[in-house]
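Here is the structure we will look at, set down as structure tokens.
Just so it is clear: chains get the letters A, B, ... in the order the sequence lines come, proteins before strands, and each one is counted from 1.
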Amino acid sequence: MITQLLIILGAALILVGFWGVLTRKHIVKIIISFSILDTGIHLIMVGIGYIKDGSAPIIDQEMPVSRLAGNVVDPIPSALVLTAIVIGVAVTALMLSYAVQLYTFYKTVSIEQIKELKW
Amino acid sequence: MMKDIAIKAGYTLISLFVITNYGLLLGGTMARVRAKVQGRIGQPVWQPYIDIIKNNVLRTGISHGVMFYLGPVFRLAGGLGTYLFIPAVYGSLVFANFAFSGDLLLVMYFIFFGQLGMALGAGQSGHPYSPIGVARGLAQMSAFEVPFALSVIAIAAQYQTLSVTEFVALQQGGILNWIVFTNPLATIAAMISFLGMSMGNPFSIVIAPQEIPIGPPTEMQSSFLGMLQTNRAIFNGAKLVLFMNLYFGGATSVLSMVVKTFLIYLYTVIVGASFPRFRADQSIRFFLGIPTLIGIAAVVVQMI
Amino acid sequence: MIKRIIIIITLIGLSFVLLPLFLNMEDAERLSELSQTYVTEGAEELGTANLVTAVVVSYRGLDTLGEVAVLFAATAGVTLLLGTKKKGGSVTDLLEERRGGSELLNTGAALLFPVLLLFGAYIFVHGHLTPGGGFQGGVVIASAFVLLLFIESDREFSHSVLHSLEALSGAAYVLIGLIGLWFAAGFLDPRFLPSGEIGRLLSAGAIPLIYSLIGIKVGSELIGVVDSLRRRS
Amino acid sequence: MVSPLYILGIGLGIAFLLPLFEKLGKKIPRIITLITLMVFTLIAVSWVVMISGAVDKFPVIFNTIGFKAPFAISLQVGLIEALVLVMINTAALLSGLFLSLRKDSHWEGKQIVLFLTLVIGVNGLVLTRDLFNLFVFLEIVSISMYALIASNDEKHAYEAGFKYLIAGSIASAFYLIGVIYLYRFTGTLFIDQIVAMDLAALQATHPGLVFAIALIMLGLLIELKPFPSNGWAIDAYEASDPAVSAMISAVGASGVVFAFYKISSLFPPEMAEIVVASGAVTFVFSQLVGLRQKRVRRMLGYSSVGQIGIIVMIIGLQRILKIDDAQMIMSSAIILLGNHIFSKAGLFWLSDIFDQEQLRRVRRRPLMIVLFGVFLGSLAGLPPFPAFWAKWRMITVLAESDKLFLIIIILLGSLFEAGYLFRWFTTLLRDESDPGDIHEEQIPEDIPVSSSQTGVVSSTRALAALAENAGSVVEELPVLSVEDPTAAEKRNPVVLAVVAISSVIVIAAGVLLGAEFLRASNELLLLIPVAVLTAGILFDLLHLPHRIHLILAMAGISFYSYRILMGLDGIYLVFGILFLTGSLIQMISLYVKKSLHFGLIPMITALILSLGNLLISTTRLGFFFSWEMMTVLSSLLILRGRKASGAGLRYLLFSLGGAYSMLIGLMLYPDFSLLLQGVRDVSTPPVLAVFLISIGAMVKMGSLGLHIWLPGAYAEAENEISSLLSSVVSKAGLFLLFVTSSLYLIPLLPSGNIPVSVLLGWIGAFTALAGAFFALFQEDIKYTLAYSSMGQVGYMLLAFSLMTHLGWVTSLYMAVTHLLFKALLFLAVAGVLYRTKTRMMYQMGGLIKRMPISFITVLLSIIALSGVPPLTGFGGKWLLYTALIEKGWYLQAGVAMFASAIAFLYLFRLIHVIFLGQLKDEHRAMKEAPIGFLIPQVVGMIVIMLFSMYPSLLIGPLQRAVTPFFSESIIWEGYTVFSTLGYWNGNAVMYVTIGVFIFPLAWLLLMQRKHTRMVEQFNIVFAAERPDRPETTHFGYNFFAHYRRALGMYLTPWATRWWTGVVTLTDSLGGTMRRIYTGNGQTYAFQIILYGTVLLLLLRGGF
């Protein structure tokens, strides 16, 4: 149930992200769309790691080692999503830097006016 | 061995002597015939002899260089050679000439030899009219070669031979065995191209007197011109003999040769007297038109 | 307009094709074989309370090293793009004069700065016990410095300190990995240090050390990124 | 073995520390990085050595943390990984060297850091076996590339980088979604574990599985720039620093390719087919679009994309084919990858050097020409470079699997690629005065009339006009004259040395592969031309004196010929003498040249040896290799001509097209052996194969319709080269026909009984006619001779296709005699051109007095060529007509006779216009041709006279060579040869001719012994006036005007028009195609998503 919910939500965000990437003209908006897209993917990843009625895979008093199996969510997708988020941040940072540089050279933020290279 | 060669040389000289005199007389006669057709009296029959002698005894000769000097020699050699590779009279030892050296193809290609030499000699004269005449002559020649070649191919295919002697042999035994009757299409094609070959009207553009005085031989004089005139007689004779051999059953005696060749020549003169002159491009188009089609038809008939 | 319709059709097509991925995905009943092993044996093998950390730092330690490298490369890229000597001219020329922070912001930021630093350090030091870790801690630390920039946008950070921190922590991380290769079972194996008792701060072998180094590295790198973006604008 | 973790670990550690090292000194990071890269390379080399030395050659697995996969991430080093890493790391090392050694190098700071992370990321991509880890490394690579693109701080670089980022991010998104779902469905991320699973069964429970895999595939595929969603990548290649482009193309792309190969083991067959299609489409369309490209870097971008496309195609194929074939074809992919890495990097570097030195042409920079040649040749897949062998293997495998369509795609794409790459090459080599693509004679606008002054002026003007209109100038660089004084200062030999290393790698790899491929069939000897070429080029680079080099070369060829000819007999021997002895004699004339002519002797030598190799190659590979070598070398030789850029390119393209056509034909008919077997073979080959093979031969012979490369190539090449090409090399086509003769008796139409040879015969006849007619109307002497050769080779084709004893004897006879006459004619004309400095015949005239020996040579050769008795040419004509009539080909005989009459016309014109008529003022002081030209002429004339007197000397051996294949058709009696139709006695004809010649000559001498007077030049009867200028008196221009009037309208060059149409169509197709590259990053993003959607839809359709 929760997996399905998260996946639908994630898929919706992915579509919104793609829509933004394909239709927004403002470079920064496109970058934001990519962030939305990433978020959607991350949601799906988290959703896939969910185990029915599972809690965080951390050992403490309530969750001793013996109870772990069957009661915690999958730690692998969590680990993956962590990496994915960082990578997403890195790419966003680079995109923003590009946006700054493009603005200084082309004096515009519209992607439609940045097309001197073609054919 | 030596004796054989001596005898052969003797025969050759006889053969050449006969054809030279015959050629000269024929030329003189035809000039007279042409004059009669045009309502003139014309020159004496022996006028060619006079011309040759006169040219040869002229005191000064002008040469433009080695090739100019050799041009008439080439030309005469070409004429002599062409004649010598054709058997003039079937069955005659004296007039068999050097036909054993090669077949019809040799004769056809040896004709080029004299023309090339003459053209080279004319070229070295430096006179622009000479090469103009040569260019016209060559162009016209390449055109009339087509129907002639097709005709030869047709008869070669028909008789499965290329040997001139063989052709004559196969036509013996009655007038209906002549190729003119067994293969009229080929004969027609060949006879039309013969008009071009003999360079009379309507194919006289090569030497068109009004435009380029006399064409290739413009600069020729004295002995050079004399040799060319000698050659004209011999070469004419050779061509006539060739056509007679190929299409009209050849000749078994000197007399029949004289009669047949005279008639063939008369044909060209009559045609020449009746038609005006073609321009070079017109004659090219003419030869590559109907005569070529006739030639092709002759060949196709053999293929079926 | 036609363009939009085509885009819509394409996206509908894409969703349609991928429907098998999006629909009928029920919650999983049990862990995959692999995670089952991690969950049941991870604590024992590595001594971490936070099993996600066990996966992140150890089992998939190469990913994390790569991740650090990605961030490192991105920082280098940002610096390269927004470095000082550039042909394009400054964005500042094109913008209006910027005003300084308000009183409220200044006071609040000054108050929060040390707290944030401490919090960040706490997060990465306790990465093997509680949710969080080097990346999260690093981000918190970096946000403390962003606050400083809010107050005074012309503030200069010491580049040599940042660079040295970044470089040395990174190198130390790799060194720890190699120590694992030489003295323990394999590259990035944290078990060359005693794994201790689960739940203690000093447990889980070299994992807290690794996470601290990552925290410092990520923190300094993110500061660098923000600094570069700020200088350019 | 050294653990690969050292590469990743130490590499990253050093990368992290580089900013600190920089504080120690600006150059320190460079040095450290270069050392690191060297260590990487050495590690990879050690792997290759150890694995290939091991018995089992199994890959070695390295685990992290101490857990086995899947519990921890593992790395795998197998032979293939090790090889790929050796190539990638070497390329990276060279790149690093290039970046640090080039003029005004700014390679420092973050650029080095990113460079290093890029290399480490690629290493990781190649090594890791974990899907998510792959993603991480992919991101390291991508981010490093995104940043590096911007390193040259140019407006366009930022634009391109941003587009690249957008595209890369979308690809990453696809990949990430795919990975997480694959984890969900399989419970693991370890590739080998997933491969081991029963994916089909899993598919049943998880219908999304295939789409998860597809998304992973798509993520990587997009990174590999499939057509048409690759505009962003091409922008990046164009806009970034060339050295960075080199890295992206050589290192980055290779890593992703390998990753793609790694995940390809997950693909179900349907997906593999889609991958194949995607790769094929990318390959062929990128090359098509590249045709239209004029900006060099962008063009290289298209080429890169195309090259990667073909590798993607192979990766898809290896999933479909049988396991053995899959391995075979995969090895070719690795070779292609290596070839691409080093050549493409080399070209990007060269283009950078080009910019740095502000060059426009490289005609005077031998080393650069060599480097360009090597890289372009290897990219285009020419022998002996690695790609040639790879493509051969690939095509062999494809042929065995009946994938003809793919073969055609590959060859078509290769042809396009060769087209634009070599267009670039020819543009670079072009002389300033070269007007570009010309294939017809260029007659000066107005004929110089009053003085030589106006003539010069007018022709310069005409050339200028031509140059203006001439086709495309590839690189739009500022015009600089070659003699730029600062040019020397800008040179940087060290950098060039780095590039040279790359080329050495390519050559060495090619030769080693060649040895490997040819060893199987014991044909290692075929590599001799490559060795000779390499050694010769080195000699030239070291300035070995021309004449010493020539003598060495000739000695070498003689030795080779001796060895080869000893082992040959029959028709092979005839061609051996034709190819080897014929060429050797013509090489004598090279002695006239004094100074060094770069590349001339090595290339001629290699060409001759390749021709010889055709005779001894026993396998298709050997034959095709030698054939291609011959083609490439001849086109390079043509390119040496001052205005030959267009002609050389045209020659190359036509020859390559012909060679490819032949190749497809051979592949279509696998049972066929390339051994001369006569016409006895009765097995029926596919008609298409026969056509394709014969097209290959006819292109080389310049048969009608395929001849349009011929006039330009023969005319614009240097005289010695023209002579060699037209008299010797064109016979290679004839040789191919003889070798494949058993094919041509199959019926033309499935139901009919007319054999293919009839068609060939007609083509031959009309080639002879057309060649003669074209020659008739040329003013340029070399064009006349070129068309003449075309016509003559047409006769040989006609005679060959008779498929009778006499026909073959005729064909060989004409081949030998044509060699004699044409070589003589070209040599004599070369002498004339050497002296007169013009090629227009009407500008000569009267030269007989200045160059008598040349005149005699020309006279003799035209008598022989036109077939006038008594010389030996008549023999050819006699044999030809006899053979034709015997066979019943009457109409063909008619056409041949017409052609020979026309030939007589242009030959007369040739000798007349040059040697007779009026001597021009500027030629009055001219001398006879140099002795080096005359010696071979005299030798040739003696040989001609000998063969004319004793035809049996030549016909006899030829007859015996042909006899094994047919029953005898001619017999000899003394000197007379008898056919069933007629007879010919060459000896008697000669004597009679001499006799009838001497008789009148004697007469003339006798008559004129006293009173012959030589007169001056203008003493002619010309309307009683003395004409004032030789130009107006010399009748030479438009000599056969009446022929043009009579038949001109039938002589429109329809073949040229047709080919021009084909070229224009292809070109405009490419032009239309490239409109999809709008330059808008958003459009590119849309194209990617659309591309993905379409592929996924196709896949869904497959399920």
Side-chain angles (χ1 to χ4, degrees), chain B residues 56 59-65 67 72-73 76-77 80-81 84 98 100-106 109-110 112-113 116 119-120 123-128 131-132 135-136 138-139 141-142 145-146 149-150 153-154 156-157 160-163 218-219 223 227 280-281 284-285 295-296 299 302-303, chain D residues 846 848-849 863 866-869 874 877-878 881-882 885 888 890-891 893-894 897-898 901-902 904-905 908 911-912 916-918 976 980-985 988-989 992-993 996-997 999-1001 1004 1007-1008 1011-1015 1017-1018 1020-1022 1033-1035 1039-1040 1042-1043 1045-1047:
Chain B
N56 272 310
R59 191 159 296 167
T60 48
I62 288 175
S63 168
H64 291 275
M67 207 57 228
V73 179
L76 185 53
L80 291 171
L84 287 179
F98 291 86
F100 60 85
S101 310
D103 49 28
L104 183 53
L105 292 171
L106 177 69
Y109 270 87
F110 206 79
F112 288 128
F113 184 82
L116 177 67
L120 290 173
Q124 209 192 5
S125 73
H127 200 295
I132 289 173
R136 290 175 171 183
L138 289 177
M141 173 213 70
S142 69
E145 274 291 311
V146 177
L150 286 168
I153 292 166
Q160 282 302 309
T161 184
L162 279 166
S163 155
T218 306
E219 280 288 310
S223 321
M227 287 181 83
D281 52 319
I284 291 169
R285 254 178 300 194
I296 291 175
V299 168
Q302 294 307 319
M303 287 165 70
Chain D
I848 179 172
K849 292 196 174 145
I863 290 179
S866 55
V868 172
F874 173 71
K877 295 284 190 285
W878 184 83
Y881 298 128
T882 310
I885 293 171
Y890 305 131
L891 288 177
M897 281 202 183
F898 189 25
I902 302 293
F904 185 68
L905 263 61
F908 170 73
I911 195 167
H912 167 79
L916 304 175
Q918 301 290 352
T976 311
T980 52
L981 291 173
Y983 51 89
W984 169 51
N985 184 338
V989 172
V992 171
T993 313
V996 293
F997 191 80
F999 178 66
L1001 183 62
L1004 195 61
M1007 292 306 295
Q1008 296 220 332
H1011 53 247
T1012 305
R1013 191 160 70 87
M1014 286 293 297
V1015 293
Q1017 183 177 358
F1018 283 112
I1020 53 176
V1021 190
F1022 198 78
T1033 318
H1034 187 51
F1035 182 65
F1039 200 75
F1040 291 108
H1042 32 272
Y1043 239 115
R1045 266 205 305 280
L1047 294 178

Where L891(D) and V299(B) come nearest, the two heavy atoms and their spacing: CD2-CG1, 3.9 Å
P1000(D) and L76(B) have their tightest heavy-atom pair at CB-CD2, 3.5 Å
Measure the shortest side-chain to side-chain distance between F874(D) and L106(B) over non-hydrogen atoms and say whether it is less than 4.5 angstrom. yes
So which of L104(B), L150(B), L80(B), I296(B) has the largest heavy-atom pair count under 4.5 angstrom toward chain D? L80(B)
OH/Y1043(D) to OG/S142(B) distance, rounded to the nearest 0.5 angstrom? 2.5 Å
Is F997(D) in contact with chain B via its backbone, its side chain, both, or neither, using a 4.5 Å heavy-atom distance? both
S223(B) portion near chain D, given a 4.5 angstrom heavy-atom threshold: both
Heavy-atom closest contact (A135(B) atom, F1040(D) atom, distance): O-CE2, 3.7 Å
Could you tell me if Y109(B) and S866(D) have a donor-acceptor pair between their side chains, going purely by distance under 3.5 Å? no
Is any side-chain heavy atom of H912(D) less than 4.5 Å from a side-chain heavy atom of P131(B)? yes
Does atom CZ of F100(B) have more than 12 heavy-atom neighbours from other groups under 6.0 Å away? yes
Between the NE2 atom in H1042(D) and the CD1 atom in I284(B), the distance rounded to the nearest 0.5 Å is 5.5 Å
Stepwise side chain to side chain contact (heavy atoms under 4.5 Å, CB included) check, Q124(B) with I848(D): CA-CA 9 Å; Q124(B) 209 192 5; I848(D) 179 172; 3.4 Å; yes
Value for CZ (F98(B)) from OG1 (T993(D)), rounded to nearest 0.5 Å, stands at 10.5 Å
Determine, stepwise, if the pair L105(B) / M897(D) fulfils side chain to side chain contact (heavy atoms under 4.5 Å, CB included). CA-CA 11 Å; L105(B) 292 171; M897(D) 281 202 183; 3.9 Å; yes
Nearest 0.5 Å please: distance from the CD1 atom of I153(B) over to the OH atom of Y881(D). 8.0 Å
Let's test your reading of the structure: which of E145(B), Q302(B), M67(B) forms the most heavy-atom pairs below 4.5 Å with chain D? M67(B)
What distance separates H127(B) NE2 from Q918(D) CD, expressed to the nearest 0.5 Å? 9.5 Å
Of the backbone (N, CA, C, O) and the side chain (C-beta and beyond), which part of L84(B) lies under 4.5 Å from a heavy atom of chain D, both, or neither? side chain
Largest heavy-atom contact set with chain B, pairs under 4.5 Å, which of A901(D), G888(D), G846(D): A901(D)
Taking the side chain as every heavy atom from C-beta outward, state whether S101(B) and Y983(D) have any pair of such atoms under 4.5 Å apart. no
Ring-plane angle category for F904(D) and F112(B), please: parallel below 30°, perpendicular beyond 60°, tilted otherwise. tilted
To the closest 0.5 Å, what do you measure between CG (L116(B)) and CZ (F908(D))? 7.5 Å
Can you tell me which of T980(D), L916(D), I902(D), L1001(D) forms the most heavy-atom pairs within a distance under 4.5 Å of chain B? L916(D)
For the student: nearest non-hydrogen atoms of R1045(D) and D281(B), plus distance: NE-OD2, 3.4 Å
With chain B, the option among L1047(D), I885(D), V992(D), I863(D) that has the most non-hydrogen atom pairs under 4.5 Å is V992(D)
